A.B. asks: 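The structure that follows is given in the form of structure tokens.
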Amino acid sequence: MRIRKNIAVSDEGFLFNPATGDSFSTNGIGSEIISLLKQDKSTSEIIEEISKNYDVDRLLLERDLDEFTGLLKDYSILE
Amino acid sequence: MKKQIVIAVTALNAIDSPGPGVAVIRAIRDCKDFDVKIIGLSYEALEPGLYMHDLVDRTYQIPYPSGGTDSLYARLMYIHEQEKLDLIIPNFDAELYNFIKLRDKLKELGIRTFLPELNQFEARDKMKLFEFGQKHGFLVPEDKILHELRELKKMEDDLEYPIVVKGKFYDAVIARSYDQAEKAFLKIMAKWGLPIIMQEFVKGTEINIAALGDGEGNAISIIPMRKLYITDKGKAWAGITLEDDKLVELARKFIETTKWRGGCELEVMLTDDGKPYIMEVNPRFPAWIYLTAGAGQNQPASLVKMAMGEKVEPFKTYEVGKIFIRYAWDLITDIKEFQLISGNGEL
């Protein structure tokens with residue numbers, strides 16, 4: 001999973017797709033996940049990293065991450 | 001001291017379906033390479049641009065395009081005597097034919113234009129666009145030209161619903177059945193006359209591209225834009241510049257193929273699988289042309305330079321993600337001004 005290289009991402013988690021003109025804003029955790037995706041982290045690495053910093057049920061995290069990355073794919077943010 | 005160029009510009013209406021004139025003037029005035037005097041050419045006394053004195057120095061009414069070239073030429077001769085015009089930039093589809101026809105006579109008077117040839121202008125006409133696409137390898141939706149209502153039934157043999165019902169100059173309605181198509185046919189016929197164009201419906205994202213050609217096959221500037229906010233008339237009220245090499249290449253190929261001279265706007269439907277269909281080609285700058293100046297490729301100013309004989313190199317970059325947001329503004333004027341333009345035809 002990689003963020004498309006033309007996608008502009010601000011530190012605040014605001015995404016802009018210059019090919020379609022679409023823009024999106026995410027909440028804090030979404031912004032963190034995008035930042036990890038930008039560092040080419042794998043799904044398991046992202047889960048590790050988030051689990052380390054937050055008190056979260058692992059299964060729930062996996063499910064939410066799957067849903068979130070699915071959305072990013074639908075919006076052509078992820079390759 | 002820079003030489004002053006006297007430029008006449010049409011399409012000064014700036015209502016909810018605005019003409020490009022005010023945006024063209026704004027872009028020209030942004031360019032500091034020349035000093036300009038702007039002469040507005042208007043059709044109606046209430047075109048807002050007439051009263052924008054910081055943009056338009058003086059305005060003259062001109063006859064409607066239906067009046068033909070003789071009356072237009074006579075009026076332009078008079079205006080030229082008063083103002084010594086260097087260049088005219090017409091911006092309405094319906095008036096372009098007359099201005100192209102008058103191009104050589106205007107040149108004799110010392111008035112320049114920067115317009116497409118008549119054959120270029122006619123090849124991209126809505127009624128010939130499909131043929132044009134087939135000839136030059138552009139994706140264009142299939143269409144049928146109907147000259148009377150009874151041809152509508154027969155059209156169903158060739159096109160499937162939904163279809164787009166279009167007027168020869170303006171208006172487009174999506175019809176999903178015979179009844180809807182008939183209703184749209186009659187409504188558009190009443191407003192714009194015959195023929196009516198029935199066009200295959202293409203689903204996708206609408207993209208507009210403003211392009212400027214030098215008349216020798218070179219695209220001087222290409223800016224793709226996606227509408228972010230659309231009025232009930234389908235006009236962009238906000239839009240954003242895009243980065244898409246396919247779209248830029250499409251416009252470049254169009255300019256190369258046609259050897260287009262001047263500004264134009266390609267209306268493109270980009271399908272979900274990435275195929276760009278040309279829906280329409282407008283033979284002049286679009287109303288959102290000021291965005292090209294905002295994005296770093298001032299197309300109207302480049303047109304002025306080329307029209308005045310300057311060699312302009314193609315732009316290489318533009319800013320992606322530049323947004324325009326249109327707004328309405330209540331301009332206050334006096335009855336005396338209105339009286340001057342409506343009574344004397346000059347302001």
Side-chain angles (χ1 to χ4, degrees), chain A residues 1-47 49-50 53-54 61-79, chain B residues 202-210 222-230 234-252 265-277 286 288 291-292 294-297 315-326:
Chain A
M1 281 191 304
R2 297 181 75 166
I3 300 258
R4 281 178 190 272
K5 66 170 187 271
N6 60 342
I7 304 289
V9 186
S10 76
D11 292 342
E12 295 80 27
F14 185 82
L15 306 167
F16 171 59
N17 184 343
T20 63
D22 289 326
S23 54
F24 310 90
S25 34
T26 64
N27 60 12
I29 192 75
S31 175
E32 274 186 55
I33 293 169
I34 284 161
S35 154
L36 293 166
L37 284 167
K38 273 180 75 185
Q39 296 164 40
D40 286 337
K41 301 273 189 200
S42 67
T43 307
S44 51
E45 285 172 321
I46 293 172
I47 289 168
E49 189 77 23
I50 302 285
N53 300 331
Y54 297 91
L61 174 59
E62 280 177 16
R63 201 186 64 194
D64 286 354
L65 181 64
D66 191 49
E67 193 184 323
F68 184 60
T69 52
L71 267 178
L72 294 178
K73 273 184 199 153
D74 286 349
Y75 292 132
S76 303
I77 302 289
L78 281 183
E79 277 177 347
Chain B
V202 179
K203 189 171 173 287
T205 305
E206 192 185 332
I207 309 285
N208 295 57
I209 308 172
I222 298 168
I223 302 280
M225 178 278 291
R226 189 185 133 198
K227 295 174 186 176
L228 293 176
Y229 190 106
I230 301 173
K235 301 291 161 190
W237 207 253
I240 187 166
T241 56
L242 301 180
E243 179 185 49
D244 190 326
D245 293 345
K246 264 203 313 270
L247 295 171
V248 171
E249 209 36 58
L250 175 79
R252 195 183 311 285
E265 180 192 31
L266 305 187
E267 294 184 8
V268 176
M269 194 64 81
L270 194 62
T271 61
D272 293 344
D273 55 352
K275 287 182 186 151
Y277 279 80
W288 56 273
L291 182 64
T292 65
Q297 297 192 2
F315 286 97
K316 289 189 172 62
T317 57
Y318 61 91
E319 284 190 63
V320 176
K322 275 280 168 192
I323 295 177
F324 80 89
I325 301 165
R326 195 167 281 162

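Note that the coordinates shown come from a computational prediction; the quantities given were computed from them, not determined experimentally. Order of the sequence lines sets the chain letters (A, B, ...), proteins ahead of strands, with each chain counted from 1.
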A.B. asks: Should the pair B/Arg252-B/Glu249 be classified as a salt bridge under the 4.0 Å nitrogen-to-oxygen rule?
C.D. replies: yes
A.B. asks: By a 4.5 Å heavy-atom criterion (distance strictly below it), what part of A/Thr20 contacts chain B: side chain, backbone, both, or neither?
C.D. replies: both
A.B. asks: With a 4.5 angstrom heavy-atom cut-off, is it the side chain or the backbone of B/Leu228 that approaches chain A, or both, or neither?
C.D. replies: side chain
A.B. asks: Would you give the length of the straight line joining atom CD of A/Glu49 to atom OH of A/Tyr54, rounded to the nearest 0.5 angstrom?
C.D. replies: 10.0 Å
A.B. asks: Could you tell me which portion of B/Ile240 (side chain, backbone, both or neither) has an atom closer than 4.5 angstrom to a non-hydrogen atom of chain A?
C.D. replies: side chain
A.B. asks: Within the 4.5 Å heavy-atom criterion, are B/Val248 and B/Tyr318 side-chain neighbours or not?
C.D. replies: yes
A.B. asks: Donor-acceptor pair, B/Arg226 side chain versus B/Leu242 backbone, under 3.5 Å?
C.D. replies: no
